[in-house]
Amino acid sequence: MAGDLLDILNPQQRQAVTAGDGPVLVLAGPGSGKTRVLTYRIAYLIRERGIPPYNLLAVTFTNKAAGEMRERVEGLLGGRLDGLTIGTFHAICAKLLRVEADRTPFGRDYAIYDTDEQASVVKGVMSQLNIDMKRFKPGAVLNAISQAKNELILPNDMPRNDYFGEIVARVYPLYQQALVNSGAMDFDDLLMQTVLLLRDDEVVREKYQRRFAYVLVDEFQDTNTAQYELVRLFGAPQLNIFVVGDEDQGIYAFRGADYRNVMAFRRDYPGAEVVLLEQNYRSTQNVLDVARAVIDKNTKRTPKHLFTDRGEGPKVIVQEVYTEADEAQFAAETIRSLMRSDGYSFRDFAIMYRTNAQSRPFEDACVQYNLPYKLVGGVGFYKRREVRDLVAYLRVINNPNESVSFDRIVNVPGRGIGDKTLAAFKMWAADQGWSVARALSEIAGGAAVPFSGRAAKAFAEFARQIEAWQAFVEVEGSTLEALFDDITGQIGYAAYLREISDTPEENEERMQNLAQLRAVMKEKSHLSLRDFLEETALVAEIDSLDATKNGVTLLTLHAAKGLEYPVVLITGVEDGLLPHSRSITEPEAMAEERRLLYVGVTRARERLYLTYAFRRSLYGDSMLAEPSRFLGDIPAALTEGNWFRVKKMRDQTALEQATRWEREPNNVISFEQKLRDMQASPRDRSKAPPPRPTPTLKYPPGVRVFHAKFGEGVVLNSTRVGDDEEVDVQFAQAGRRVLSASFANLVLLGR
DNA sequence: GGGCGCGGGATTTTT
DNA sequence: TCCCGCGCCC
């Protein structure tokens, strides 16, 4: 195979794929074929070097990438590779901890807590410690704990540099204890506990070091300290470690990732062979030039010279729009017209944005323009109340000691077990020295409980149900969907959903989610309950992105990593959004915002659009927005669009405003200013609204107007916004629109 | 024990 | 704007 396999690689790719033993660092620019290099490297090791698949460990960034990589390697080698380990750090660690459960404090049936569940544990601990949760937000404390775990700092080793640190140092040990008591780990534990196990337990360490003779890691720039340490531990002593990364694409610092690990690798593995991949096979030259203009402003990076032979391509369009609704409309119209003119298909388009909250108008516009779309993220399926409830039942059946799930469902649907009864139960179990699991089975067996008739009966019934379901799971041939049916039937869950739903539509939606969960369980029926729960805990939003469905993809810039599309629209390219206001004061964070834009730009194969709005609403209020400062770094020669003209117009408006003799109270503040204000101090709501100037409307309701694009229309409504006027117009042809007077150039036609 | 209404706060990104 | 948590009341 060697010949045909390696033929399609360029010399640098081939050098990487065929590198000898020892550490290898591949510095791979976007679109330079790094996935190809990784898959070929695996195939090469197996086929040419005779390494059994069992001895390989490949780490990818998402489960989806893992699945695709496995398929591609199997395709190259023409057969299934059962022994090969490919997965995310988290999934690989979860498996390992399951296998080695006897050597961890968590047991085999541990649950994996997501952020909400972690928060509920943190809140429990904080209220137990009488910490003011208004002053110290549980989320912030949790974040600090998470960071600590990523840095491999143990509960009792937290530095107490300031009072917040002191609070965290108090919460962390109790939080961790609560997790152990529940037999639950958080995401960070999956990594940290594995590191601790490998460090402290020689037998386990040697077992895996022997097994994983070759270690390969993708997206190395997004590893954190714990992951870096895992690579070292798995890779020793042979150090056959093959890592692929690009410092310019490090976008996960907020969860402890450090792109400098790429350079640290050179330092820590001095003999490492370094390969640079600079030829880009994805994008046109214009796109690459824009990307480069953006990223070049970052210091502390290895300059790269990306080149392509795909031609210059069309210019990058920079488009100013009026509001986020117009932005969405522009996107939808652009997609429609490109489909008409160039024969693109829905799946060729991606709309990207900085924050999930921006997705809504695009969804609306897609519906309006009849564009099928695939939304990545948002309120995830597994975050839905009804789905969480059912998953909590499954978790309790799997392990009743897992307290967040237990507390969640013990009285859902209501069975007459309130806070008082629950507290009494826990107290009683603790007095007996029993775990919750033990106490439940004692109750099911008829043990006397310390509360009155009705609650006692309810508890006994609940305990017997749990026991019956546990027995059901053990029955040979029982399926997950049968378990699902039995649970929902017994607890009367459909009736409960009807009760808690405010509208028939809401009820319908919940029932559909339930049906979808059942479908997933049916599909996964070959898994044990334990494995099913593990899998659902570790799915990422992006994993559910269905390549077979034809639709426009809506996703955050973070989720776009590793993907590519013929046409990319990056939206909300505004100061305060991209770069995000929370990053603006911090040079390191700003550098990451730049990388984020860089990642987005380099997803585009052929066409790239950058849009920003003139007004954007936040928490209900509409505010002026500023184009992103990053746009200023892009040479005008690479772009076209209306942005320059509009910018000038706006400068003129500002000039007029500044030189006007009669000053009106200016109650329009910038978007960014507002964000900053809100961070600095909570909004004071007791204050009366500022007195409004008596409105003298230029476009009062009823008046007829003319617009260059929309034609003739009648003003339905008009409101004054600062020095500007917002006009709601019903056009004869173009329908109803809300326009900014200063921007729309409406011509008054009279009544 | 459960339901309702009010007030305050808000996630930027995710395994 | 919207959602959550708390407190009050039944």
Can you tell me the distance, in whole Å, between the CE atom of M133(A) and the C1' atom of dC6(C)?
12 Å

Would you please say whether a donor-acceptor pair under 3.5 Å links the side chains of Q193(A) and T104(A)?
no

With a non-hydrogen cut-off below 4.0 angstrom, is K123(A) in contact with a base, only sugar-phosphate, or nothing?
sugar-phosphate

Quick check, are the ring centers of H558(A) and Y353(A) under 6.0 angstrom apart?
no

Rounded to the Å, how far apart are N63(A) CG and dT14(B) P?
15 Å

Can you list, in residue-number order, the parts of residues 245-259 of chain A that come under 4.0 Å of DNA chain B, counting heavy atoms only?
Y252(A), F254(A), R255(A)

Quick check for you: among dT12(B), dT15(B), dG2(B), whose closest atom lies nearest to any side-chain atom of H580(A)?
dT12(B)

Specify the separation, in whole Å, of atom CG of L142(A) and atom P of dT11(B).
12 Å

Does S617(A) make a side-chain N or O approach to OP1 or OP2 of dT1(C) shorter than 4.0 Å?
no

Does K137(A) reach a base, just sugar-phosphate, or nothing at all? Heavy atoms under 4.0 Å.
sugar-phosphate

Quick one: which of R354(A), K561(A), Q249(A) gives a side chain to side chain contact (heavy atoms under 4.5 Å, CB included) with L596(A)?
R354(A)

So, for Y252(A) and F61(A), is the gap between ring centers shorter than 6.0 Å?
yes

If you pin N411(A) and T556(A) to their nearest nucleotides in DNA chain B, which one's is more 5'?
N411(A)

From the set dT14(B), dG1(B), dT12(B), return the single nucleotide nearest to any side-chain atom of T355(A).
dT12(B)

dG1(B), dT15(B), dT12(B): which one has an atom nearest the side-chain heavy atoms of H90(A)?
dT15(B)

Assert yes or no for the condition that the ring centre distance of Y172(A) to Y175(A) is strictly below 6.0 Å.
no

On a whole-Å scale, what distance lies between the C1' atoms belonging to dT13(B) and dC4(C)?
22 Å

Is there a side-chain contact between L198(A) and L230(A) (heavy atoms, below 4.5 Å)?
yes

Interatomic distance, L557(A) CG vs dT12(B) C1' [rounded to whole Å]:
11 Å

When you measure from the side chain of R603(A) to the backbone N and O of Y565(A), does any donor-acceptor pair fall under 3.5 Å?
no

Could you give the distance separating dG5(C) and dT12(B) at their C1' atoms, to the nearest angstrom?
24 Å

dT14(B) OP1/OP2 closer than 4.0 Å to side-chain N/O of N356(A)
yes

On DNA chain B, nearest-nucleotide positions of K134(A) versus F89(A): which is more 5'?
K134(A)

